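Below: the structure, in structure tokens.
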Amino acid sequence: MKKQYALALMLAAAVPGAGAMVLSSQGLIPFWAYAAVLIAGFPLFVLGLGLYWMAHEGEADIPFLGY
Amino acid sequence: MIAELLFATFFGLLLLGIHRKVIARIQRRPGPPVWQEILHMLKFSFKTTWVPATASTALFVGVVLVAIGIWTAALLVILSGGSLLVIFAIYMLHKIVEHGFGLSSGSPYGKFGGVRSVISAASEIPLFVTVAAIAIFTKSLMISDIVAYQELEGPLLATIPLAAVAMYVVLLSKMPFGPFSIVESKELVSGYKTEHFGVWRAGLEVCNGLKTYVLLLTFILVFIGSLPFWMVLIAMVLITVSLSFVCAVSPMLSPYDSVTIQTLIAGLMVAYVAILGVMS
């Protein structure tokens, strides 16, 4: 995966999560909507962050055939 | 809620580190530092990540997302005082996730780990009986109602101690290095997670941290009730240490013995709940 794709994945998870937190604190969206965004976004954020750290700037490195 | 999610992840990993440390000290080994599991999670984030040639890529990656997602959901259900049944449904889903982990890689070690995960589903039977015992007294399975009941009537730990023991066995079956940890037995290398390395393993570590925190918090809320936050954390540490002691002094059972003992416990619990039901 290219580094910019990993960054995009991470941001695609983090931005809606932060947005949902703000909207929920203002009472603009119900709790279940906030929870749904977190449940979908947190796993993507964790993997996106790890992939971003290790991805190379140039060629994609996943999938690497490990065997 | 995001802060609680991050705290639960790191504190759950810290509890697993304490678990390893206590086991090591009881066995007269120095053991790793208590923050070792947090370091593990960070370390795996920086490791080279790959998808094995024999793996189903979609399942191999997707199951990591599902693993984190379901325990995130479980934490949110607890924090919102939702249904205990949802927590236990997620616990059941985790079995399927473990199975998915094992089968997705194409590795024989992973497959055996996944199969053992299904075999050890017997550990869920005491869980259902626990739910029945709680429902007899509280007339509700909403965590908020169970906590409110205990504020009036006292901890359920004193009212239905055997149900607490059954839940404790369930916690024990989920702790690594325990007598029922047949899914991660050393003859299977690392069991269902053998081939998940790098970022995928880091994701699994996050899942394990959340799972440990959620299960211990569930036990405290359901059998002790509402406590100040700092006391909840101390109670979690104490329960973890007690689980570590059991894990340190008991050998890992063979799959057949593990399932047999858990089934016997389930049978005793069914009889206990039947007596409770008749007497209430």
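On a predicted model such as this, the values are computed, not experimentally measured, just so you know. Order of the sequence lines fixes the chain letters, A, B, ..., with proteins taken first and strands second; residue numbering starts at 1 for each chain.
For the pair B:E4 (side chain) and B:M1 (backbone), a donor-acceptor distance under 3.5 Å is present. For the pair B:H19 (side chain) and B:P176 (backbone), a donor-acceptor distance under 3.5 Å is present.
For residues 67-77 of chain B, heavy-atom neighbours of chain A at less than 4.5 Å comprise B:I68, B:G69, B:T72, B:A73, B:L76, sorted by residue number. Residues of residues 140-150 of chain B never come within less than 4.5 angstrom of chain A, heavy atom to heavy atom. Residue-level contacts of residues 216-229 of chain B with chain A do not occur; threshold 4.5 Å between heavy atoms.
Note on B:E98 versus B:K174: salt bridge recorded, some NZ/NE/NH1/NH2 to OD/OE distance being below 4.0 Å.
Remark: A:I39 CD1 to B:L65 CG distance equals 13.5 Å, nearest 0.5 Å. Atom CG of A:L7 is separated from atom OH of A:Y52 by 5.0 Å, given to the nearest 0.5 angstrom.
By the 4.5 Å heavy-atom criterion applied to side chains, B:E37 and B:L14 are not counted as neighbours. At a threshold of 4.5 Å between non-hydrogen side-chain atoms, the residues B:T240 and B:V237 do not count as touching. Taking 4.5 Å as the limit, some side-chain heavy atom of A:L51 sits within range of a side-chain heavy atom of B:W200. The closest side-chain heavy-atom distance from B:F7 to B:I2 is not below 4.5 Å. Residues B:F101 and B:F60 are not in side-chain contact: their nearest non-hydrogen atoms beyond the backbone lie 4.5 Å or more apart. With contacts defined as side-chain heavy-atom distances shorter than 4.5 Å, the pair B:Y91/B:L215 qualifies.
The two residues A:P43 and A:L38 have their closest heavy-atom pair at CD-O, 4.0 Å. Taking all atoms of both residues into account, the shortest heavy-atom contact from B:L5 to B:T9 is O-OG1, 2.9 Å.
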Without placing hydrogens or testing angles, list every side-chain donor-acceptor pair under 3.5 Å for residues 10-28 of chain A, not counting sequence neighbours.
from  : atom 1 : to    : atom 2 : distance (Å)
A:S25 : OG     : A:M21 : O      : 3.3
A:S25 : OG     : A:V22 : O      : 2.7

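Using a 4.5 Å cut-off between heavy atoms, B:L204 does not touch chain A at all.
The candidate with the highest count of non-hydrogen atom pairs below 4.5 Å against chain A, out of B:S45, B:A202, B:C207, is B:S45.
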